[in-house]
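What follows is a set of notes on a single structure, which appears directly below.
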Number of protein chains: 2
Amino acid sequence: MLKYEIGTQLKEIRHQAGWSLTRAAKETGVSKAMLGQIERNESSPTMSTLWKISTGFHKPLSLFVDNLLVGVDDDKVRSTHTTFTSHKQGLKAKILFPFDPRFGFEVFAIKLSPEQTHLSEAHDKGVFEHITVVSGQMEVCIKGRWKKLKAGDVLRFTADQSHGYRNMNKTIHAEFHNLIYYS
Amino acid sequence: MLKYEIGTQLKEIRHQAGWSLTRAAKETGVSKAMLGQIERNESSPTMSTLWKISTGFHKPLSLFVDNLLVGVDDDKVRSTHTTFTSHKQGLKAKILFPFDPRFGFEVFAIKLSPEQTHLSEAHDKGVFEHITVVSGQMEVCIKGRWKKLKAGDVLRFTADQSHGYRNMNKTIHAEFHNLIYYS
DNA sequence: TGTATTTGTGCGTTATAGCATACATTGTTT
DNA sequence: AAACAATGTATGCTATAACGCACAAATACA
């Protein structure tokens with residue numbers, strides 16, 4: 001169960017060099033059996049052996065680590081509108097896109113019950129929140145001031161400060177998306 | 001025996017985030033025991049767990065892989081002028097600096113016996129050889145032409161072609177350094 | 001067309017990454 | 001100072017990365 005398809009990268013580099021597994025094993029000091037399983041994504045190499053590999057190929061480590069948008073395969077539809085996780089009182093949140101180091105952001109969908117307020121702690125420097133209101137209306141608090149948002153409205157702010165969301169309506173829920181970007 | 005000190009990097013990132021090992025374990029999904037040994041460079045993480053770590057910290061993978069010039073510690077002197085390895089006929093070579101993916105080059109010292117010729121196969125594209133003659137005199141063959149070099153002379157050429165070195169002198173050895181850069 | 005030789009993969013064993021738990025140490029509280 | 005909570009470390013166990021060897025298929029060679 002590998003999220004990280006480094007094997008494809010290795011196979012390409014090896015073929016490009018015109019090396020056999022035996023040759024690669026000789027140059028890198030890693031057994032060809034292991035190199036084989038790594039290429040087939042059957043095994044997740046340790047940093048130690050990855051170092052040996054990049055050394056043997058006379059290539060920088062980043063070459064094996066970067067450009068790995070190959071294994072994304074999110075082209076199959078995931079249904080998220082059924083499962084809402086993380087039930088705090090009056091606030092339901094579910095993950096639309098979990099954080100992925102290759103992209104640097106994560107996206108939540110959040111439902112605020114009527115007359116509910118949620119305060120959030122400050123995040124690290126370089127974190128940006130992107131609010132998109134889907135339905136209902138809500139308010140976001142930044143630097144002590146509550147800003148009104150209605151369906152379709154968007155808002156971006158630096159999240160390295162305490163902030164909050166609330167739904168002042170007495171009957172209808174508010175739903176919004178929150179894209180959190182980490183730089 | 002880790003060449004790759006990724007632990008130091010992790011420790012710094014964790015401290016910078018103000019997280020305890022317990023907190024980090026919770027966020028990343030990696031046990032705090034494991035995080036501990038990784039930080040102490042007692043364990044070389046697999047790419048799989050390194051992915052979990054970078055995900056949990058909301059940081060790109062490159063942050064843990066790059067900027068690792070910390071563990072170089074070549075400030076202790078290695079004596080190389082005694083041990084000459086790789087004895088081909090009439091050619092003695094020793095490694096001054098082995099290839100390191102962080103730098104991208106390796107350096108050899110080569111001794112050519114009198115009246116000796118050595119031919120080398122073409123390397124990959126993007127490989128450069130840097131010749132520095134230390135003592136004696138020698139000739140380097142590029143594109144079929146032999147170029148004369150004497151002590152103190154230097155020469156750089158693209159190594160994606162067959163080339164050769166020879167010492168035409170009848171009595172004295174020739175010694176030169178060869179820095180091979182892989183781009 | 002047999003016969004080597006080289007290719008990659010499968011198998012059993014060993015080394016080690018990874019986990020859960022318990023422990024010792026330090027810092028906080030009342 | 002006693003009691004408490006939080007820190008990072010040490011311990012035993014399980015999962016798996018890594019190895020050496022042997023095998024089957026493909027390729028080269030005669």
Problem set entry | Atom-to-atom span, NE2 of B:His15 to P of D:dT7 - whole angstrom | 11 Å
For this session: Quick one: sort the A:His58 and B:Phe99 rings into parallel, tilted or perpendicular, breaks at 30° and 60°.
Result: perpendicular
Problem set entry | B:Tyr165 and B:His163 aromatic ring geometry - parallel, tilted or perpendicular at 30°/60° bounds | perpendicular
For this session: Return no unless some side-chain N or O of B:Ser20 is found under 4.0 Å from OP1 or OP2 of D:dT7.
Result: yes
Seminar exercise, completed: Note, DNA chain D 5' to 3' with Watson-Crick or G-U pairs under 3.5 Å encoded as ( ), [ ], | and . gives |||.|||||||||||||||||||.|||||.
For this session: Output yes when at least one side-chain N/O atom of B:Thr49 is less than 4.0 Å from OP1 or OP2 of C:dG18, else no.
Result: yes
For this session: Tell me what A:Ser31 touches on the nucleic acid: a base, only sugar-phosphate, or nothing, going by heavy atoms under 4.0 Å.
Result: base
Exercise. Side-chain N or O of A:Thr46 less than 4.0 angstrom from OP1 or OP2 on C:dA17?
Worked result: no
Exercise. Checking B:Asn41 side chain against B:Gly7 main chain: does a donor-acceptor pair fall under 3.5 Å?
Worked result: yes
For this session: Give a yes or no on whether the backbone of B:Lys148 and the side-chain of B:Gln137 come within a donor-acceptor separation of less than 3.5 Å.
Result: no
Exercise. Out of A:Arg166, A:Lys147, A:Lys150, which residue meets the salt bridge (Lys or Arg N to Asp or Glu O under 4.0 Å) rule with A:Glu139?
Worked result: A:Arg166
Problem set entry | Rounded distance (Å) that lies between atom C1' of D:dA6 and atom CZ of B:Arg23 | 14 Å
Under 3.5 Å, which N/O atoms of the protein pair with N/O atoms of nucleotides 11-15 of chain C?
none

For this session: Say whether A:Gln116 and A:Asn167, considering side chains only, have a donor N or O and an acceptor N or O under 3.5 Å apart.
Result: no
Exercise. So what does B:Arg14 touch, heavy atoms closer than 4.0 Å: a base, only the sugar-phosphate, or nothing?
Worked result: sugar-phosphate
For this session: Return yes if some donor-acceptor pair links the side-chain N/O of A:Gln9 with the main-chain N/O of A:Leu63 below 3.5 Å, else return no.
Result: yes
Exercise. In terms of the nearest nucleotide of DNA chain C, which residue is placed more toward the 5' end: B:Leu50 or A:Arg40?
Worked result: A:Arg40
Exercise. Parallel, tilted or perpendicular: which describes the rings of B:Phe128 and B:Tyr181, with under 30° parallel and over 60° perpendicular?
Worked result: tilted
Exercise. Roughly, in whole Å, what's the span from NZ in A:Lys32 to C1' in D:dA24?
Worked result: 12 Å
For this session: Indicate yes or no for a side-chain donor-acceptor contact from A:Ser44 to the backbone of B:Ser48 under 3.5 Å, with no hydrogens or angles considered.
Result: yes
